[in-house]
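Let me begin by presenting the structure, written as structure tokens, before commenting on it.
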Amino acid sequence: MAIGFACLVIGDINTSLSHCRLKNAGQNNLRKIAFANLSALEAMVDYNIKQGISLFRISSDIIPFASHPEMEFDWQHEFGQLFDRIGRKIKSAGLRVSMHPGQYTVLNSPRPGIAEKAAADLQYHAAFLDSLSAGRESKIILHIGGVYDDKNKAAASFIENFNRLPLPIQSRLVIENDDKNYSAEDVLEISQVTGIPMVFDNLHHLLNPSRNNLSQFEWIELCSATWKAADGKPKIHYSQAKDGGSRGAHSNTINAREFVEFYNGLPDKTIDIMLEVKDKNLSAIKCMNAVNPGLPVGQLEEEWARYKYLVLSRSASIHNEISDMLKNKPIIDTAAFYEMIDRAGEPTEDHDAQVYAAQKVWGYLKGSCSESKKKRFHKLLKQYSEGTIRIHTMKKHLFKCAAEQNNQYIVKSYYFYF
DNA sequence: TGACGTCAAGATCCG
DNA sequence: CGGATCTTGACGTCA
């Protein structure tokens, strides 16, 4: 079993992606951005390897406007060496990578040109994975598309256009149920006609259920059966709905208790689970740890070091509870640890806790800070106490001080990212 | 015609 | 001018 996350890493340096507007999409700018993004991808791959994460979705935006007419240079060839190096790292670590074109890649559209653009986009995704020498188990996950007042006809168009794709692209594709048009039942039917493996998405299923009354776990078994040996381990998408969010919006973080309950219900624990969640790698590590009761205490202490000041800024009492838990027990209940972390993440505005945490972080930094930085800290603290600035501004200043001093313990803290 | 999702880039505002 | 904050972009479908 592998648990993974999508597209970007929170809290590690040199991993952020660059973008550009169509009006700035000259060849030199595209080159520059593609190179920067491939370098960021390498940093993300390094991060995954270091953290023992073995499932990762690569962002479609690494090569900007890759399947747009604006793109004229041969990025596969120009960055061949970089692709080789990243690909070798991925392979030797046993990292399974995938890609997932967005909701705007619609292979079954009847409108002129849209399906052709979708095919070109799939060609790009396949070329990207080919450039990494990724095996056939590295998949491209695609939704079926629109309905156009006639679902059967629209599904037939999908199948027709799929069959027209070059075989190497066909063999990379996986289809997924969506939150309003194609339910798990609809997609499974297309999977059975075409032989395309299917990813089951639990939240989409909740929002767009199938007519029969199978449980989500029964659906997972049915979908897993669509994967052949060459396709690699069956995979699902797992997410939780955002509280008070719009329909289908993903939660900020995965609730550990809810995930563990889901995991315990899984009939086959060897499948791969791709998390779709705002806090990305944080939730991936959380879920991996939460279902691993034999986790060495040292690894949980590393997690605590990263969460500590974030928790402290929300609630002093939860901070103390977790602190005591790690101090006194030889064996830690990892799920309980993350339940407490989740409890600290629930939205509250504890002004005093924010001030206290900022002062604690400052305690690590003040010794090696310039006078002007010290002055600014105290000014910001006063302003925050008076309610004239947001805590975000203070965190930005503290991060700058920590980065300047290269204080890795503080720089790596999740405190700065929320 | 706007919502949907996404997150930097770009624009504008503030001190 | 630097930094904070608001708006735009790029895509296709559906209401």
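In what follows, chains carry the letters A, B, and so on, assigned in the order in which the sequence lines appear, proteins first and then strands, with residues in each chain numbered from 1.
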5' priority, DNA chain C, between F65(A) and K400(A) [closest heavy atom]: K400(A)
First encountered from the 5' end of DNA chain C, between Q103(A) and T393(A): T393(A)
Could you tell me if [X] sits above the aromatic ring of [Y], with its cationic atom closer than 6.0 Å to the ring centre and no more than 45 degrees from the axis?
X: K395(A); Y: Y415(A); value: yes
X: R31(A); Y: F73(A); value: yes
X: K153(A); Y: Y148(A); value: no

Rounded distance in Å - [atom1] ([X]) to [atom2] ([N]):
X: H100(A); N: dT6(B); atom1: NE2; atom2: C1'; result: 13 Å
X: I33(A); N: dC7(B); atom1: CD1; atom2: P; result: 17 Å
X: I389(A); N: dC13(B); atom1: CD1; atom2: C1'; result: 18 Å
X: H19(A); N: dT6(B); atom1: NE2; atom2: P; result: 13 Å
X: D61(A); N: dT6(B); atom1: CG; atom2: C1'; result: 9 Å
X: I62(A); N: dT6(B); atom1: CD1; atom2: P; result: 17 Å

Plane angle bin for W304(A) and H319(A) - parallel if under 30°, tilted between 30 and 60°, otherwise perpendicular: tilted
Parallel, tilted or perpendicular: rings of F259(A) and F262(A) (30°, 60°): tilted
Residue closer to the 5' end of DNA chain B, K23(A) versus K280(A) (nearest nucleotide): K280(A)
Position toward the 5' end of DNA chain B (nearest nucleotide), N24(A) or L8(A): L8(A)
Contact class for [X] (heavy atom, under 4.0 Å): base, sugar-phosphate, or nothing?
X: S16(A); value: nothing
X: K180(A); value: nothing
X: G146(A); value: sugar-phosphate

Short side-chain N/O contact to dT6(B) OP1/OP2 from K278(A), under 4.0 Å: yes
Side chain proximity check, L312(A) to K360(A), heavy atoms < 4.5 angstrom: yes
Straight-line distance of L380(A) CG to K373(A) NZ, nearest 0.5 Å: 11.5 Å
Range on DNA chain C touched by chain A, heavy atoms, distance below 4.0 Å: dG3(C) to dC14(C)
